[in-house]
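Because the structure is predicted, anything quoted here is derived from the model rather than measured. Residue numbering restarts at 1 for every chain, and letters A, B, ... go by the order of the sequence lines.
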There are 2 protein chains.
Amino acid sequence: MGVTTRSRPDVHTAAELIDESLDAGHVCSIVGRCTVAYDGRTQSTLPAGERLVVCKPDGTLLVHHAAGHKPVNWQPPGGTHDITLIDGELHLQSRRDAPDERVEIRFTDLRQVSAYALEEDHDRDVTGSEDDLRQRILEQPTLVEEGFQPRMTERETSAGPVDIYGVDANGTPVIVECKRRRVGPDAVGQLARYVAAAEREYTTKTVRGILIAPSITDRAERELTQHELKWVALDPIHSV
Amino acid sequence: MGVTTRSRPDVHTAAELIDESLDAGHVCSIVGRCTVAYDGRTQSTLPAGERLVVCKPDGTLLVHHAAGHKPVNWQPPGGTHDITLIDGELHLQSRRDAPDERVEIRFTDLRQVSAYALEEDHDRDVTGSEDDLRQRILEQPTLVEEGFQPRMTERETSAGPVDIYGVDANGTPVIVECKRRRVGPDAVGQLARYVAAAEREYTTKTVRGILIAPSITDRAERELTQHELKWVALDPIHSV
DNA sequence: GCCTAGGTCCCGTAC
DNA sequence: GTACGGGGCCTAGGC
């Protein structure tokens, strides 16, 4: 319904509110001064500073500071939060397995603690993804080139699954790799891997590779040439 | 110092608090029911739902729902926030250039608006990064193989910069690619690109490629074999 | 559980 | 500004 908020709470009040809220499946926001230590896939420490900490009931932990999109420290969903009081300080520890990792936050000053239920949410509906680009090609294969015929999507090679497998006007196998945005050398490497694997595995001697993307960097274009691959300019959003 | 909070504010109170706080360089948290529309690199819409919205003075916008690490909608830093009242509704629009994109949030219900100053923050200190792995190798090159001598880091090839360039016991050029975690086929493709470029560009006929990583997938190992590359198991964290 | 690749990836750094 | 690769990337979809 509403939001439960404690301004400058003492540690006991804060601990109780956070504990009960997380148990109830609510989200908690904590504004205060804290240190953060992470141990898991790497190790990191963060000196005392003022931050916004968000705990979600699914185990997600976010530590945000004044700037930037990314949390300065975090825990992905799947773990558990634990609140403890040690030497009169509020400690929040978030642990998860696989990988085994933990974040420990020690608050030296609590400016505000809030808790609120957020109902389950819908997914967002996106247009302009790589999948939309693939769909465009399947509906209008000549956008790739005259005579191109798609035969399969996600066809497996020993190097991985190819976006679109098909044949050209001569019946030569073609591997199409789609990218929704400007591509660099990595995308060319990906396509080259698929083509090389297909040439080893398909009965045909030659396999062509075509990269679909709105634009391409100079270096990527040079790499394309080296591998005798082709680039076709195409946008995920249909431009009329 | 503290946190300014309005519980169930009317739209005018909310608009004023958000406007003034962002102007003052403070962070705002808004809990409420809203729809979100994004237009930029892609387009997306999100139906009405209960969310936590965070606005930072650097232009960052985060829309979080009850679950998950990633915001359900967002704006990276660099843009500007704008608050407007339209038909008695609070609208928050975040715009930025390069790329040109905007997020528009329409609140149908405001449960809480908070604002607070967060002082500038330090960066976090991390150990266990790829750079640590590279450092380990430079200090103890025999970890790569007996007789390996590093000569240069970030040496440029037409395919991109290589992590470590050196020579083996026979004086043959060696390109070393370091990964801090288990690698898949993409890392092999990256190394293969560098080796191929080096073979074209260096005066020597043969260039060897060695992948350094704690572990490797089956498919990546097969790709390695195909390209006559080598993998050496090594962890970024020094194990005693 | 692991593997594979996409992402409005974000981000730093070098050019 | 662009470009390139790292990231505790996260996340979805297969197997």
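The CG atom of A/Asp186 sits 9 Å away from the P atom of C/dG6 (whole-angstrom rounding).
At a threshold of 4.0 angstrom between heavy atoms, the contacts of B/Arg193 are confined to the sugar-phosphate backbone, with no base atom among them. Across all strands, A/Gly40 comes closer than 4.0 Å to no nucleic acid atom at all (heavy-atom distances). Looking at heavy-atom distances under 4.0 Å, B/Ala98 makes no contact with the nucleic acid at all. Contacts of A/Asp218 with the nucleic acid, taken as non-hydrogen atoms under 4.0 Å apart, are absent. When heavy atoms are screened at a 4.0 angstrom cut-off, B/Glu154 is found touching no nucleic acid atom at all. Residue B/Ala159 is classed as a sugar-phosphate contact, given heavy-atom separations below 4.0 Å to backbone atoms only. Among the atoms of the strands shown, only primed sugar atoms or phosphate atoms (P, OP1, OP2) are found under 4.0 Å from some heavy atom of B/Pro185. Residue-level contact check: A/Gly128 touches neither bases nor backbone, having no heavy atom under 4.0 Å from any strand. Within 4.0 Å of A/Pro161, counting heavy atoms only, lie sugar-phosphate atoms of the nucleic acid but no base atom. Across all strands shown, A/Pro77 has heavy atoms under 4.0 Å from sugar-phosphate atoms exclusively, and none from any base. Looking at heavy-atom distances under 4.0 Å, B/Glu156 makes no contact with the nucleic acid at all.
OP1 and OP2 of C/dG6 both lie 4.0 Å or more from every side-chain N or O belonging to A/Ser129. Distances shown here put every side-chain N or O of B/Arg181 at or beyond 4.0 Å from the OP1 or OP2 atom of D/dG6.
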Any chance you could lay out the side chain to side chain donor-acceptor pair (under 3.5 Å) test for A/Asp131 and A/Ser129, step after step, and finish with the verdict?
CA-CA 5 Å; A/Asp131 205 55; A/Ser129 63; 5.4 Å; no
Between B/Ser29 and B/Tyr116, is the side chain to side chain donor-acceptor pair (under 3.5 Å) condition met? List the steps.
CA-CA 9 Å; B/Ser29 299; B/Tyr116 38 91; 2.5 Å; yes
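For A/Gln75 against D/dG8, a side-chain N or O and a base N or O form a donor-acceptor pair under 3.5 Å. Between the side chain of A/Glu101 and the base of D/dG8 there is at least one donor-acceptor pair of N/O atoms closer than 3.5 Å. If you check distances only, the side chain of B/Arg124 does reach the base of D/dG8 with a donor-acceptor pair under 3.5 Å.
Ionic pairing of A/Glu154 and A/Arg134 is present here: one or more N-O contacts between side-chain nitrogen and carboxylate oxygen are shorter than 4.0 angstrom. Looking at B/Arg219 and A/Glu156, a side-chain N of the basic residue comes within less than 4.0 Å of a carboxylate O on the acidic one, giving a salt bridge.
A gap of 22 Å separates the P atoms of C/dT4 and D/dG8, to the nearest Å.
Between the side chain of A/Asn73 and the backbone N or O of A/Val36 there is no donor-acceptor pair closer than 3.5 Å.
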